K.L.:
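Below is the structure I would like to discuss, written out as structure tokens.
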Amino acid sequence: MLCTKIYKNQFDQELYANYAVWCNQNNATIEDKGEYYEVVEIPSYIPTEAEIQKRLTDGVQNWMDNIVQERNYDSVHTCVGTYLYSPIDKFRIEAEHVKDWVSYVWDKCYAMLAQVKNGEREIPTLEEVINELPRLEWGINE
């Protein structure tokens, strides 16, 4: 029964009702696919909003850490925390840029979250989030 299509232009109410009964007994549902309905399996686990937000937050943090690791910093936290007041210009300037960049990144993330919560957009994938985030400009030795 899974993947069965019921075309709307040949709609059969009794057939649809029989599939609906089968779906209720077999962890499945009927999805509207535009020109037809399709019997599909219901995922066994659907993450909560909080779990989705944590996964995206962790993904963004990991993305930022990977970027600063290209310059041999352990993470954005150690870059800023260790070098923001460095007497060496290169490290201090880079840390200042990272500090500002992190703020801009999280500001954009909170704006996206507000759009999702207001129903203005669907929950984005991590790739979609990252594609919308500001890029780091090191300010020195680019």
Side-chain angles (χ1 to χ4, degrees), residues 1-11 13 15-142:
M1 291 269 197
L2 288 176
C3 301
T4 300
K5 296 176 181 167
I6 305 167
Y7 286 89
K8 291 179 180 179
N9 63 356
Q10 302 169 351
F11 188 77
Q13 181 69 34
L15 180 65
Y16 186 93
N18 289 337
Y19 284 136
V21 169
W22 184 90
C23 287
N24 289 335
Q25 297 169 346
N26 292 280
N27 194 40
T29 189
I30 300 173
E31 287 186 356
D32 188 339
K33 300 289 189 170
E35 294 181 22
Y36 59 88
Y37 299 102
E38 184 174 358
V39 177
V40 297
E41 185 175 17
I42 296 173
S44 58
Y45 177 75
I46 299 172
T48 66
E49 233 180 79
E51 290 169 326
I52 293 169
Q53 185 174 339
K54 176 154 179 32
R55 185 181 76 240
L56 292 174
T57 299
D58 291 349
V60 168
Q61 185 65 54
N62 187 52
W63 172 72
M64 289 189 300
D65 287 341
N66 286 335
I67 288 175
V68 299
Q69 286 167 1
E70 293 172 6
R71 293 264 182 132
N72 297 316
Y73 296 103
D74 294 333
S75 66
V76 294
H77 299 299
T78 57
C79 174
V80 174
T82 304
Y83 297 100
L84 191 57
Y85 299 104
S86 174
I88 300 171
D89 288 343
K90 174 191 181 330
F91 297 133
R92 187 182 65 258
I93 292 169
E94 288 182 348
E96 288 170 355
H97 283 266
V98 170
K99 173 185 65 73
D100 293 344
W101 173 64
V102 167
S103 295
Y104 296 132
V105 164
W106 290 121
D107 184 58
K108 179 64 177 175
C109 287
Y110 283 118
M112 284 190 257
L113 178 61
Q115 289 177 321
V116 169
K117 289 190 176 209
N118 291 333
E120 298 170 25
R121 70 180 293 170
E122 294 293 316
I123 297 172
T125 65
L126 178 59
E127 182 180 9
E128 290 169 333
V129 170
I130 288 172
N131 285 338
E132 293 183 39
L133 295 177
R135 297 305 188 239
L136 174 59
E137 295 180 20
W138 288 98
I140 191 169
N141 298 327
E142 300 245 20

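Only a predicted model underlies this, so the values are computations on that prediction, with no experimental measurement involved.
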K.L.:
Test side-chain contact (heavy atoms from CB on, under 4.5 Å) on Val129 and Trp63; report intermediate values, then the result.
P.N.:
CA-CA 11 Å; Val129 170; Trp63 172 72; over 6 Å; no
K.L.:
Could you tell me if the ring centre of Tyr83 sits under 6.0 Å from that of Tyr73?
P.N.:
yes
K.L.:
Please answer whether the main-chain N or O of Asn62 pairs with a side-chain N or O of Asn66 as donor and acceptor at a distance below 3.5 Å.
P.N.:
yes
K.L.:
Please confirm whether the backbone N or O of Ala28 pairs with a side-chain atom of Glu41, one donor and one acceptor, at under 3.5 Å?
P.N.:
no
K.L.:
Distance check, rounded to the nearest 0.5 Å: Arg121 atom CZ versus Glu128 atom CD?
P.N.:
7.0 Å
K.L.:
What are the two closest heavy atoms between Cys79 and Ala95, and how far apart are they?
P.N.:
O-CB, 3.6 Å
K.L.:
Rounded to the nearest 0.5 Å, how far apart are OH of Tyr110 and CD of Gln115?
P.N.:
15.5 Å
K.L.:
Roughly how far, to the nearest 0.5 Å, is CD1 of Ile123 from CG of Leu56?
P.N.:
8.0 Å
K.L.:
Measuring from Tyr19:OH to Glu38:CD, what's the distance to the nearest 0.5 Å?
P.N.:
11.5 Å
K.L.:
State, to 0.1 Å, how close Val68 and Ser75 come at their nearest heavy-atom pair, and which atoms those are.
P.N.:
CG2-C, 3.4 Å
K.L.:
Would you indicate whether the side-chain heavy atoms of Val98 and Trp138 approach each other to under 4.5 Å?
P.N.:
yes
K.L.:
Which atom names give the shortest non-hydrogen contact between Asp32 and Lys8, and what distance separates them?
P.N.:
OD1-NZ, 2.8 Å
K.L.:
Would you say the side chain of Pro124 lies within less than 4.5 Å of the side chain of Val116, judging by non-hydrogen atoms?
P.N.:
yes
K.L.:
For Val40 and Leu2, which heavy atoms make the closest approach, and how far apart are they?
P.N.:
C-CD2, 3.7 Å
K.L.:
To the nearest 0.5 Å, what is the distance between CH2 (Trp106) and CH2 (Trp101)?
P.N.:
10.0 Å
K.L.:
Any chance you could lay out the side-chain hydrogen bond (donor to acceptor under 3.5 Å, both in side chains) test for Gln61 and Asp65, step after step, and finish with the verdict?
P.N.:
CA-CA 6 Å; Gln61 185 65 54; Asp65 287 341; 3.3 Å; yes
K.L.:
Working note: Cys109 + Thr57, criterion side-chain contact (heavy atoms from CB on, under 4.5 Å); need CA distance, chi angles, decisive distance, verdict.
P.N.:
CA-CA 8 Å; Cys109 287; Thr57 299; over 6 Å; no
K.L.:
On a heavy-atom basis, which atom in Asn131 and which in Arg135 lie closest, and how many Å separate them?
P.N.:
CA-NH2, 4.0 Å
K.L.:
For Glu94, run the side-chain hydrogen bond (donor to acceptor under 3.5 Å, both in side chains) check against Lys90, His97, Arg92 and tell me which one passes.
P.N.:
Lys90
K.L.:
Look up atom NZ in Lys5 and atom CD1 in Ile30, then write down how far apart they are to the nearest 0.5 Å.
P.N.:
14.5 Å
K.L.:
Answer yes or no: is there a donor N or O on one side and an acceptor on the other, between the side chain of Asn118 and the main chain of Ala114, under 3.5 Å?
P.N.:
yes
K.L.:
How close do Met64 and Val102 get, counting heavy atoms only, and between which atoms?
P.N.:
SD-CG2, 4.1 Å
